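Predicted model, so just to flag it, every value in this text is computed and none were measured. Side-chain atoms are counted along with the backbone in the values below, which use heavy atoms only and exclude waters and symmetry mates.
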Amino acid sequence: MTVTNPLIEEKLKTAEEIAQLLPNHVTLGCSGFTPAGYPKLIPVAFAKRIEEEKKSGTTFSINLYAGASTGEELDGVLAKTGALKLRIPYQSNSHLRNLINQGETDFIDMHLSHVVKYIEHGILPKIDVAIVEAIDVTTDGKIYLSTSSGMSATYLKNAKSVYIELTDTHPLELKSYHDIYLPDHHSKGGPIPIIHPNDRIGQPYVQVPPEKIKGIVRSSKPDAATVFKTPDADCQNIAAHVLEFIQHEIKMGRIPKEYLPFQNGVGNIANAVLSSMAKDPNFHAIQMYTEVVQDSVFDLIDAGKLEIASTSALTFSELGLKRFHENISNWKSKFIIRPQEISNHPEVIRRMGLIAMNTAIEIDIYGNVNSTHVMGTSMMNGIGGSGDFTRNSHLSIFMTPSLAKEGNISAIVPMVSHTDHNEHSTMIFVTENGLADLRGCPPKKRAELIIEKCAHPIYKDKLRAYYETALKVSKGKHTPHDLENALSWHVQFLKTGSMK
């Protein structure tokens with residue numbers, strides 16, 4: 001890329017030069033939301049500096065904030081230095097996860113919609129340095145972000161120093177996809193003026209004082225390619241149950257014929273649902289108001305069934321990104337990339353009446369959901385935005401295969417080992433075996449429905465036996481539990497490797 005303005009020429013540095021400028025003890029606010037739009041050169045150079053200077057006894061500590069998870073060149077390399085002391089609000093890196101679960105890195109698992117207020121109110125450590133990936137920067141300090149928005153605008157606003165990785169891996173037409181708008185967290189303010197997913201209310205750039213930009217490095221490093229598996233039979237069955245339910249809700253008059261906007265989480269099940277919508281002749285064009293857009297959106301576009309997808313990140317596979325680039329001029333009307341404090345804002349979610357679809361690690365017989373912890377103690381990734389959407393959507397649907405670990409774990413258990421979403425917020429549960437609609441149901445009815453509709457046959461009798469015992473032990477109280485045995489399934493798995 002040739003130099004296009006004096007600011008770039010003045011600020012241009014190598015990643016190694018910028019790494020030398022970073023404080024030994026620093027709070028970093030970085031771009032990135034899933035492996036999309038995160039800085040890839042400066043963190044690697046900083047990690048190399050840390051490893052070298054540690055040999056002579058120099059100490060480092062890093063607090064790392066990003067939008068959500070990022071790639072190996074950010075989360076991974078900094079975690080491996082041993083200097084990463086705090087990470088918020090979501091992650092998916094295996095090495096970092098191990099450090100968190102070993103107690104060596106603090107991790108604050110937060111609703112994504114809450115993070116900005118905690119930063120701006122000084123509850124979390126203040127941001128010293130913002131490092132963002134951008135596709136362009138102007139002489140007057142307009143920064144055009146790349147494939148994600150996340151919390152980049154907030155980090156740029158609050159950081160003392162700003163460093164930019166100027167990438168040439170995306171066409172400049174991507175500049176028009178962003179809609180940057182930040183609510184005021186220091187006053188009550190007015191409503192966020194979004195009524196429909198395609199409403200644009202901000203600017204396509206983040207404005208910062210040019211003097212705040214301390215360095216710019218050129219980058220040709222692409223986002224880590226997301227690999228999507230072909231949805232298996234369980235995913236396809238879950239998708240079929242979800243689509244049938246939505247059509248039923250339309251017939252009952254609880255969803256309008258033109259639908260409500262859809263939110264979908266990350267992964268194979270979410271991809272299966274959208275791909276199934278694209279193929280199903282009973283479904284027409286949909287709108288999406290979500291956090292992440294994945295390759296399955298192309299199935300909707302091919303079928304003429306996508307009106308708009310509002311998101312905080314474009315997380316495509318290598319082939320998907322190539323296709324996006326080929327159509328980037330024509331698809332401006334199909335995508336809007338927003339800051340996550342807008343994509344996940346409860347006010348906007350509640351107003352639009354979303355249909356939210358997210359995944360769970362485990363569900364108990366009364367409708368409590370564990371989205372984050374394996375066996376109650378080991379952090380997986382984090383709650384992300386699932387709580388923002390679960391509590392505030394018109395319909396909240398949780399989806400999961402009924403078995404894990406080759407059948408040695410049941411996703412339906414007597415009591416979840418960790419609670420992220422309680423029964424007051426959850427509504428619909430789906431496994432490959434069926435769908436349980438818990439709306440308007442008291443606890444005992446909930447238990448009967450979840451066991452009957454969602455549990456796998458190999459665990460169904462065991463769940464019934466627990467429930468019958470719980471009724472006797474509790475003498476039929478409002479929410480029957482046998483507390484001595486409520487977590488016995490998890491204890492058995494930890495001892496034997498199986499819940500059977």
>> Suppose we screen for side chain to side chain donor-acceptor pair (under 3.5 Å). Which residues come up paired with S498, at least two apart in sequence or across chains?
In response: N408

>> Working to the nearest 0.5 angstrom, can you tell me the gap between I383 CD1 and N381 CG?
In response: 12.5 Å

> Does CD belonging to Q492 count more than 12 external heavy atoms closer than 6.0 Å?
Replying inline: yes

> Minimum heavy-atom separation for I336 to P197, with atom names?
Replying inline: CD1-O, 3.7 Å

>> Tell me whether R464 is salt-bridged to E468, with the criterion being a basic N under 4.0 Å from an acidic carboxylate O.
In response: no

> Do S371 and D420 have side-chain atoms, one donor and one acceptor, less than 3.5 Å apart?
Replying inline: no

>> My understanding is that only residues two or more places apart in sequence, or in another chain, count here; which of them pass ring pair (Phe, Tyr, Trp, His ring centres under 6.0 Å) with H114?
In response: H111

> Within a radius of less than 6.0 Å around NZ of K453, do more than 12 heavy atoms belonging to other residues, nucleotides or ligands occur?
Replying inline: no

> Can you name the side-chain contact (heavy atoms from CB on, under 4.5 Å) partners of E307, sequence neighbours left out?
Replying inline: A285, Q287

>> Run T311 and R338 through side-chain hydrogen bond (donor to acceptor under 3.5 Å, both in side chains) and show every step you take.
In response: CA-CA 6 Å; T311 182; R338 304 186 191 275; over 6 Å; no

> Any chance OH of Y118 has more than 12 other-residue heavy atoms, nucleotides or ligands included, within less than 6.0 Å?
Replying inline: no

> With a cut-off of under 6.0 Å to the ring centre and 45° to the axis, is K462 in cation-pi contact with Y466?
Replying inline: no

> Under 4.5 Å between any side-chain heavy atoms of N485 and T469, yes or no?
Replying inline: no

>> Using a strict threshold of under 4.0 Å (side-chain N to carboxylate O), is an ion pair present between D302 and R323?
In response: yes

>> If you apply the rule salt bridge (Lys or Arg N to Asp or Glu O under 4.0 Å), what do you find for K444 with E448, and how did you get there?
In response: CA-CA 6 Å; K444 294 169 188 173; E448 293 167 1; over 6 Å; no

>> Going by side chain to side chain donor-acceptor pair (under 3.5 Å), name the residues that satisfy it together with N93, two or more places apart in sequence or in a different chain.
In response: E72

> N264 side chain to V266 main-chain N or O, any donor-acceptor pair under 3.5 Å?
Replying inline: no

> For P443, what residues pass the side-chain contact (heavy atoms from CB on, under 4.5 Å) criterion, not counting sequence neighbours?
Replying inline: Y366, H478, T479

>> Between H178 and S146 (side chain of the first, backbone of the second, donor and acceptor by atom type, cut-off under 3.5 Å), is there such a pair?
In response: yes

> What is the distance from atom CG of L28 to atom CD1 of I62, rounded to the nearest 0.5 Å?
Replying inline: 6.0 Å

>> Under a 3.5 Å distance rule, please check whether N368 uses its side chain to pair with a backbone N or O of D364 as donor and acceptor.
In response: no

> Between F335 and R200, which heavy-atom pair has the shortest distance, and what is it?
Replying inline: O-NH2, 3.4 Å

>> List the residues meeting side chain to side chain donor-acceptor pair (under 3.5 Å) with N344, not counting sequence neighbours, and say none if there are none.
In response: E291, D388

> Who pairs with H424 by ring pair (Phe, Tyr, Trp, His ring centres under 6.0 Å), at least two apart in sequence or on another chain?
Replying inline: none

> Under 3.5 Å, is there a donor-acceptor pair linking the side chains of N358 and S386?
Replying inline: no

> Given Y38 and F33, is the ring pair (Phe, Tyr, Trp, His ring centres under 6.0 Å) satisfied, shown in steps?
Replying inline: CA-CA 7 Å; Y38 60 98; F33 193 105; over 10 Å; no

> Once you round to the nearest 0.5 Å, how far does CE of M352 lie from CG of L260?
Replying inline: 10.5 Å

>> For the backbone of S396 and the side chain of T390, can you confirm whether one donor and one acceptor N or O come within less than 3.5 Å of each other?
In response: no

> To the nearest 0.5 Å, how far apart are CG in D109 and NE2 in H373?
Replying inline: 6.5 Å

> Which residues pass the ring pair (Phe, Tyr, Trp, His ring centres under 6.0 Å) test with H421, sequence neighbours left out?
Replying inline: F398

>> Please give me the minimum heavy-atom distance between L487 and M415, naming the atom from each residue.
In response: CD2-O, 3.5 Å

>> Please list all pairs meeting ring pair (Phe, Tyr, Trp, His ring centres under 6.0 Å) that have one or both residues in residues 286-309, counting only residues at least two apart or in different chains.
In response: F298-F316, F298-W331

> Is the closest basic N to carboxylate O distance between D482 and K472 below 4.0 Å?
Replying inline: no

> Any donor-acceptor pair under 3.5 Å linking the side chain of H481 with the backbone of L483?
Replying inline: no

>> Using a 3.5 Å distance criterion without hydrogens, assess whether the side chain of D179 forms a donor-acceptor pair with backbone atoms of I201.
In response: yes

> Can you tell me if S410 uses its side chain to pair, donor with acceptor, with the backbone of V413 under 3.5 Å?
Replying inline: no

>> So, using side-chain contact (heavy atoms from CB on, under 4.5 Å) as the criterion, who are the partners of S393 when residues are at least two apart?
In response: I349, L354, A356, F389

> Does the separation of the ring centres of W489 and Y459 fall below 6.0 angstrom?
Replying inline: yes

>> Name the residue from I100, L96, N98 that meets the side chain to side chain contact (heavy atoms under 4.5 Å, CB included) definition with M379.
In response: I100

> Of all residues at least two apart in sequence or in a different chain, which pass the ring pair (Phe, Tyr, Trp, His ring centres under 6.0 Å) check with H95?
Replying inline: none

> What are the two closest non-hydrogen atoms of V77 and A47, and how far apart are they?
Replying inline: O-CB, 3.8 Å

>> Can you confirm whether E484 is buried at CD, in the sense that more than 12 heavy atoms of other residues, nucleotides or ligands lie under 6.0 Å from that atom?
In response: no

>> Assess the residue pair E362 and N370 against the criterion (side-chain hydrogen bond (donor to acceptor under 3.5 Å, both in side chains)); give the C-alpha distance rounded to whole Å, side-chain angles, the decisive distance to 0.1 Å, and a yes or no.
In response: CA-CA 5 Å; E362 63 181 2; N370 173 14; 3.1 Å; yes

> In terms of side-chain geometry, is the basic nitrogen of K40 or E133 positioned less than 4.0 Å from the acidic oxygen of its partner?
Replying inline: yes

>> Looking at R97, is its backbone amide N or carbonyl O close enough to the side chain of N101 to form a donor-acceptor pair, meaning the two atoms are under 3.5 Å apart?
In response: yes

> Looking at CD1 of I355 and CD1 of I428, how far apart are the two atoms once the value is rounded to the nearest 0.5 Å?
Replying inline: 10.5 Å

>> For a quick test of reading the model, state the closest non-hydrogen atom pair linking N392 to R350 and the distance between them.
In response: O-NE, 3.2 Å

>> On a heavy-atom basis, which atom in I365 and which in I450 lie closest, and how many Å separate them?
In response: O-CD1, 3.5 Å

>> More than 12 heavy atoms of other residues, nucleotides or ligands under 6.0 Å from CD of E318: yes or no?
In response: no

> Should we count CZ of R391 as having more than 12 external heavy atoms under 6.0 Å?
Replying inline: no

>> Counting only heavy atoms from other residues, nucleotides and ligands, does the tally under 6.0 Å from NZ of K117 exceed 12?
In response: no

>> Donor-acceptor check, side chain of E341 to backbone of P183, threshold 3.5 angstrom: yes or no?
In response: no

> Which value, rounded to the nearest 0.5 Å, describes the distance between C30 atom SG and Y155 atom OH?
Replying inline: 8.5 Å

> Is it true that a side-chain atom of T431 and a backbone atom of C454 form a donor plus acceptor pair closer than 3.5 Å?
Replying inline: yes

>> So, using side chain to side chain donor-acceptor pair (under 3.5 Å) as the criterion, who are the partners of Y177 when residues are at least two apart?
In response: none

